[in-house]
Student: 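This is the structure I have questions about; it appears just below.
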Amino acid sequence: MFSNTMTLYRVVNPDSLGSYTELLHHQPTDHRVDDAAALPRLREWALAVLDRTEERFGMYQIAIMPLDQHHRPDENAFHDLIADDTEVIEDYLCWSGCSELVPASGG
């Protein structure tokens, strides 16, 4: 049985103090919440999910989170890990509607 899940959240109003996230998709995984090697696979998974949806330009949060007893992402347990200074797998990406936007390299 899986104990963690890969999550993809849309960040709503990222430029405001009232920003929040909305869960779009999650998929159970064997990766641990603190498994730093999981980040490339998480990013690849999230981009594949976005590519098959009609999501438009925006910012998205990706993370590996614990599952609750209903097999849903347990955001409270995830925030408890952060509060306990546990390394967690979490990142953000910007989506153009057809590909990931990456920062321009400085010269």
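Quick caveat: nothing in here was measured; it's all calculated off a predicted structure. Here, residue 1 is the first one in the sequence, and each next residue gets the next number.
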Student: Are there more than 12 heavy atoms of other residues, nucleotides or ligands under 6.0 Å from atom CD of Glu44?
Tutor: no
Student: Please determine whether residues Val49 and Ile89 belong to a single hydrophobic cluster, defined as Ile, Leu, Val, Met, Phe, Trp and Tyr linked transitively by side-chain heavy-atom distances below 4.5 Å.
Tutor: yes
Student: Determine the minimum heavy-atom distance between Pro40 and Ala37, stating which atoms define it.
Tutor: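 Taking Pro40 first and Ala37 second, the nearest heavy atoms are CD-O, 3.3 Å.
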Student: Scan the side chains in residues 52-66 for donor-acceptor partners under 3.5 Å anywhere in the protein, sequence neighbours excluded, and list what turns up.
Tutor:
unit_1	atom_1	unit_2	atom_2	d
Thr53	OG1	Leu50	O	2.9
Thr53	OG1	Glu55	N	3.2
Glu55	OE1	Arg10	NE	3.0
Glu55	OE1	Arg10	NH2	3.0
Glu55	OE1	Tyr60	OH	3.0
Glu55	OE2	Arg10	NH2	2.8
Tyr60	OH	Arg56	O	3.1
Gln61	NE2	Glu90	OE2	2.5

Student: May I ask you to test the Trp45-Thr29 pair for a side-chain heavy-atom distance under 4.5 Å?
Tutor: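 Answer no - side chains too far apart.
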Student: Among all residues two or more places apart in sequence or in another chain, which pass the side chain to side chain contact (heavy atoms under 4.5 Å, CB included) test with Glu100?
Tutor: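 Applying side chain to side chain contact (heavy atoms under 4.5 Å, CB included) to Glu100 gives Arg43, Leu47, Leu93, Val102.
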Student: Are any non-hydrogen side-chain atoms of Leu81 and Glu87 less than 4.5 angstrom apart?
Tutor: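 No, too far: nothing below the 4.5 Å cut-off.
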Student: My understanding is that only residues two or more places apart in sequence, or in another chain, count here; which of them pass side chain to side chain donor-acceptor pair (under 3.5 Å) with His31?
Tutor: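 In terms of side chain to side chain donor-acceptor pair (under 3.5 Å), with neighbours along the sequence ignored, His31 is linked to Asp35, Arg41.
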Student: May I ask you to test the Phe78-Asn4 pair for a side-chain heavy-atom distance under 4.5 Å?
Tutor: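 Contact flag for Phe78/Asn4 side chains = no.
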Student: Do Leu24 and Met6 sit in one hydrophobic cluster, given that two such residues count as connected whenever their side-chain heavy atoms are within less than 4.5 Å of each other, even indirectly?
Tutor: yes
Student: side-chain contact (heavy atoms from CB on, under 4.5 Å) for Leu39 and Asp91? Distances and angles first, verdict last.
Tutor: CA-CA 8 Å; Leu39 186 58; Asp91 204 359; 3.9 Å; yes
Student: Are His26 and Thr7 linked by a side-chain donor-acceptor pair shorter than 3.5 Å?
Tutor: no
Student: Rounded to the nearest 0.5 Å, how far does CG of Leu101 lie from OG of Ser96?
Tutor: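 The distance works out to 5.0 Å.
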Student: Would you name the heavy atoms of Cys98 and Asp51 that are closest together and state the gap between them?
Tutor: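 Of all heavy-atom pairs spanning Cys98 and Asp51, the closest is O-OD1, 4.1 Å.
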Student: Is there a side-chain contact between Pro73 and Asp68 (heavy atoms, below 4.5 Å)?
Tutor: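 Counting from C-beta outward, Pro73 and Asp68 never come under 4.5 Å.
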Student: When rounded to the nearest 0.5 angstrom, what distance separates OH in Tyr20 from OH in Tyr9?
Tutor: 14.0 Å
